[in-house]
Chemist: 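Please find one structure pasted underneath; my questions will follow.
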Amino acid sequence: MLTTSDMASAAGGASGKDWFDCLPDDLVHHVLSFLPALDAVRTSVLSRRWRDFWVSMPRLNVDVGDFRDDGQFENFTVHALPLLDSSVPLRSLRLRSSLHYLSDLWVNHAVKRKVAVLEYSGRAELCSSVDASLSLASSYLTKVVLKHFDFDYGQFWPLIDACPALENLELLDVWTFYSVTISSSSLKHLRIVSCLFYNGFRINAPNLLTMCLDDVNVNGPLGHDSLVLENLSSLMTASVSVYHCFYPKHYVKTELHFFHGLSHARNLKLIAPLYEALFEEGLPTCPVFNNLKCLVLGDWCMAFDLYPLRCILRQSPMLEELCVELGEEECENCKNRKPAFSYGEISPFWCDRLKTVKIKCTEHDERFVALLQLFCKILVCIEGVDIDRQWVSAQPPDSSEL
């Protein structure tokens with residue numbers, strides 16, 4: 001173990017300099033980047049040289065929860081923010097606050113310092129409304145994460161439109177009663193989790209590589225499309241998971257060409273319970289998935305004598321890996337539900353490239369036998385395919401933990 005004299009010797013030899021003063025500037029800034037802003041300011045008392053290090057930190061972590069009350073946070077903002085060096089580019093700002101008049105000050109400061117990554121979170125227990133004056137206009141922002149927010153009319157799109165270099169966008173627990181459109185030629189990665197869009201949702205991103213829509217609920221005005229995926233020609237990996245019954249068919253009209261937006265993907269995951277209007281109504285116009293190599297499907301694919309599963313398999317000539325996850329029970333409200341379209345027989349087909357099949361189900365799930373019977377019909381040589389059955393708990397997972 002190093003003793004005090006050892007550290008003193010390593011830091012300054014016989015001069016006995018404080019070892020804090022011998023750390024390189026870049027290392028000090030790196031260390032401060034892991035600290036909450038309040039603690040970073042407190043390091044100014046460690047040594048005379050450290051007195052002003054915090055004003056030029058390349059990363060800021062500001063959390064209202066680190067303060068005794070809103071008054072202390074306001075006092076800190078008023079006195080500390082003006083002292084920060086605006087000439088030093090900012091790599092990231094992680095901000096958690098529902099106090100608009102203070103949050104805007106931090107965001108504006110970050111934008112002026114050409115911040116690259118912005119993570120902005122409101123109050124978890126109740127989605128915070130976004131201040132109308134908030135602006136993210138910056139040609140330097142490459143990643144934006146918005147969490148626990150409620151957007152008013154016309155607020156969302158201007159924020160994203162003002163970021164021409166944006167490549168990563170995450171929306172977590174976001175609500176809005178108005179239509180939302182994400183249209184970006186720079187966006188490459190999109191992640192939307194536990195969000196509710198009451199008046200339609202459209203994604204148009206020609207350079208998007210990965211997309212995750214997890215527990216996303218979308219409603220739309222009567223007679224209009226609710227979820228539209230278009231111009232996703234670069235999409236490589238997509239995951240769409242719905243944990244509750246989608247909107248009732250008599251209330252809204254789903255996007256009939258939903259699957260066309262996913263047709264370029266190499267890896268595709270579609271998880272939903274029985275029955276799911278979002279996926280089901282896209283089957284009549286299901287395109288050919290010429291690039292699809294890996295496919296994961298949930299309970300919804302077992303409806304109507306496995307019609308959804310058979311339909312997608314037939315349209316996936318290059319498929320090599322298939323995983324069917326059967327865990328959720330059939331929705332009580334949908335047991336007697338009729339299909340949203342008149343489906344007929346599917347012409348015979350072969351899955352001659354399929355090499356691996358995984359079936360996740362409970363021990364006594366009778367649907368396993370139905371799947372085996374299907375694979376015996378569509379596999380050229382079933383003996384050459386690795387079919388793996390994995391046991392899962394009979395209790396379906398809580399969507400809040402996913």
Chemist: Where the side chain of S92 meets the backbone of V117, is there a donor-acceptor pair that is under 3.5 Å apart?
Modeler: no
Chemist: Give a yes or no answer on whether the side chain of N207 reaches the backbone of S185 with a donor-acceptor pair at less than 3.5 Å.
Modeler: yes
Chemist: If only side-chain N and O atoms count, and only distance matters, is there a donor-acceptor pair under 3.5 Å linking T181 with S183?
Modeler: no
Chemist: Using distance only, find each side-chain donor-acceptor pair of residues 233-240 under 3.5 Å and give its atom names and separation, not counting sequence neighbours.
Modeler:
| residue | atom | partner | partner atom | Å |
| --- | --- | --- | --- | --- |
| S234 | OG | P206 | O | 2.7 |
| T237 | OG1 | N267 | ND2 | 3.3 |

Chemist: Starting from the C-alpha separation in whole Å, work towards a yes-or-no answer on ring-ring contact (aromatic ring centres under 6.0 Å, His included) for F279 and F258.
Modeler: CA-CA 8 Å; F279 299 151; F258 169 78; 5.8 Å; yes
Chemist: Counting only N and O atoms by type, is there a donor-acceptor contact under 3.5 Å from the side chain of R49 to the main-chain atoms of L23?
Modeler: yes
Chemist: Classify the side-chain pair D388/Q390 by whether it contains a donor and acceptor separated by less than 3.5 Å.
Modeler: yes
Chemist: Within the supplied structure, the quantity of interest is the number of heavy atoms (other residues, nucleotides, ligands) at a distance under 6.0 Å from F76 CZ; does it exceed 12?
Modeler: yes
Chemist: Dump the intermediate steps for side chain to side chain contact (heavy atoms under 4.5 Å, CB included) on V107 and L136, then the final yes or no.
Modeler: CA-CA 8 Å; V107 173; L136 301 183; 3.7 Å; yes
Chemist: Donor-acceptor pair, distance only, cut-off 3.5 Å: does the side chain of S316 make one with the backbone of L292?
Modeler: no
Chemist: With the threshold set at 4.0 Å, does a side-chain nitrogen-carboxylate oxygen contact exist between D299 and R367?
Modeler: yes
Chemist: Would you check if there is a donor-acceptor pair between the side chains of D52 and W50 at a distance under 3.5 Å?
Modeler: no
Chemist: Taking atom types as modelled, find out whether H29 and D25 have a side-chain donor-acceptor pair closer than 3.5 angstrom.
Modeler: no
Chemist: Relative to Y120, does R96 satisfy both conditions: NZ or CZ under 6.0 angstrom from the six-membered ring centre, and within 45 degrees of the ring's axis?
Modeler: no
Chemist: Around R353, counting heavy atoms of other residues, nucleotides and ligands shown, do more than 12 lie under 6.0 Å from its CZ?
Modeler: no
